[in-house]
Amino acid sequence: MKKGLFRVSVWMAAALCFLTACGGDYVPKPRAYMRIEVPEKAYRAFDSAAYPFSFRMPVYARAEPVPSKKEYPRTTWVDIAVPELNAKVYLSHVEDPDLDSCITSTLFFIQRHMPKATGVDEWEIHDRANRRFGYLYHVKGRDVASPYQFYLTDSSRHFVRGSLYINSVPNNDSLAPVIAFLKTDIDTLLRSWRWK
């Protein structure tokens, strides 16, 4: 009998808490995203004998050489990883390129993002003094996997394609601060790019 009385008491206490806990009007909370801490901006030189170019990269990033592939003897790769933000800028360099084919390939990769994109902004890079020519593309859209892509060439011996990826489920609304932060790093990379 005491066991039954205890159960009834527990149920009554739970019901009382439930009924008295909900007072006043309910106000839904706005949707929020977690706060993303970004590192302080500072840059250093990337200048490796293994690559025919140099540029400035963030101090909080690291260069990760990618092994060459036999089927692509004129292509070298290096990834610029930003571990703190779980992001990478993938760079591929083609020596003595077929420029039409390389540019077409770059535009094809951008086109693959179009089903998720809401638009594309593009900026021309035209620096005759340093032989830097190309385009930077901002592929806009909430679910776009690579929001920034670019290519650079000296118009004869070199072609580089780059793309930014953040290793998370694409939701560029919540990743907007990270994307804007990394866009500054990409701009610095492009402005400081030099062919050897």
So which heavy atom on Val139 is nearest to which on Ser146, and how close? CB-O, 3.9 Å

Only distances under 3.5 Å count here; give the side-chain donor-acceptor pairs of residues 108-118 to other protein atoms, sequence neighbours excluded, each with its distance to 0.1 Å.
| residue | atom | partner | partner atom | Å |
| --- | --- | --- | --- | --- |
| His113 | NE2 | Gln149 | NE2 | 3.1 |
| Thr118 | OG1 | Lys140 | O | 3.4 |

Salt bridge between Arg62 and Asp79, side-chain N to carboxylate O under 4.0 Å? no

With a 4.5 Å cut-off on side-chain heavy-atom distances among I, L, V, M, F, W and Y, is there a chain of contacts connecting Val160 to Ile125? yes

When rounded to the nearest 0.5 angstrom, what is the spacing between CZ in Arg132 and OG in Ser155? 12.5 Å

Using the rule that two of Ile, Leu, Val, Met, Phe, Trp, Tyr join whenever any of their side-chain heavy atoms come within less than 4.5 Å, decide whether Val38 and Val89 are in one cluster. yes

Dump the intermediate steps for ring pair (Phe, Tyr, Trp, His ring centres under 6.0 Å) on Phe159 and Tyr151, then the final yes or no. CA-CA 7 Å; Phe159 180 91; Tyr151 74 84; 5.4 Å; yes

Aromatic rings His93 and His158: how do their planes relate, parallel, tilted or perpendicular, breaks at 30° and 60°? tilted

Just distance, no hydrogens or angles: give the donor-acceptor pairs under 3.5 Å from side chains in residues 187-196, sequence neighbours left out.
| residue | atom | partner | partner atom | Å |
| --- | --- | --- | --- | --- |
| Asp187 | OD1 | Lys183 | NZ | 2.9 |
| Asp187 | OD2 | Lys183 | NZ | 2.8 |
| Thr188 | OG1 | Thr184 | O | 3.0 |
| Ser192 | OG | Arg56 | N | 2.8 |
| Ser192 | OG | Thr188 | O | 2.8 |
| Ser192 | OG | Leu189 | O | 3.3 |
| Arg194 | NE | Asn130 | OD1 | 3.4 |
| Arg194 | NH1 | Arg191 | O | 3.2 |
| Trp195 | NE1 | Arg131 | O | 2.7 |
| Lys196 | NZ | Asp47 | OD1 | 2.7 |
| Lys196 | NZ | Ser48 | O | 2.6 |
| Lys196 | NZ | Tyr51 | O | 3.1 |

Neighbour count above 12 (heavy atom, 6.0 Å) for Glu124 CD: yes

Can you tell me how far the OG atom of Ser54 sits from the CZ atom of Phe46, to the nearest 0.5 Å? 9.0 Å

Over 60° means perpendicular and under 30° means parallel, so classify the ring planes of Phe181 and Tyr60, tilted if in between. tilted

To the nearest 0.5 Å, how far apart are CZ in Phe150 and CD1 in Ile186? 6.0 Å

Counting N and O atoms only, with roles assigned by atom type, does the side chain of Asn86 sit under 3.5 Å from a partner on the main chain of Asn167, one being a donor and the other an acceptor? yes

Atom pair CG (Leu91) and CD (Glu64), whose distance is rounded to the nearest 0.5 Å: 11.5 Å

Could you walk me through whether Arg161 and Val94 pass the side chain to side chain contact (heavy atoms under 4.5 Å, CB included) check? CA-CA 9 Å; Arg161 184 174 112 61; Val94 179; over 6 Å; no

For the residue pair Ser156 and Leu99, what are the closest heavy atoms and their distance? N-CD1, 4.4 Å

In this structure, would Trp123 and Leu164 fall into the same cluster of hydrophobic residues linked by side-chain contacts under 4.5 Å? yes

4.5 Å side-chain heavy-atom contact, Leu107 and Tyr137: yes

Out of curiosity, does Ile103 fall in the hydrophobic cluster containing Tyr90 (side-chain heavy atoms, cut-off under 4.5 Å, transitive links)? no

To the nearest 0.5 Å, atom OG1 of Thr75 lies from atom NZ of Lys69 at 9.5 Å

Nearest 0.5 Å please: distance from the CZ atom of Phe133 over to the CG atom of Asp127. 7.5 Å

Does one hydrophobic cluster hold both Ile179 and Val82, with members joined at side-chain heavy-atom distances below 4.5 Å? yes

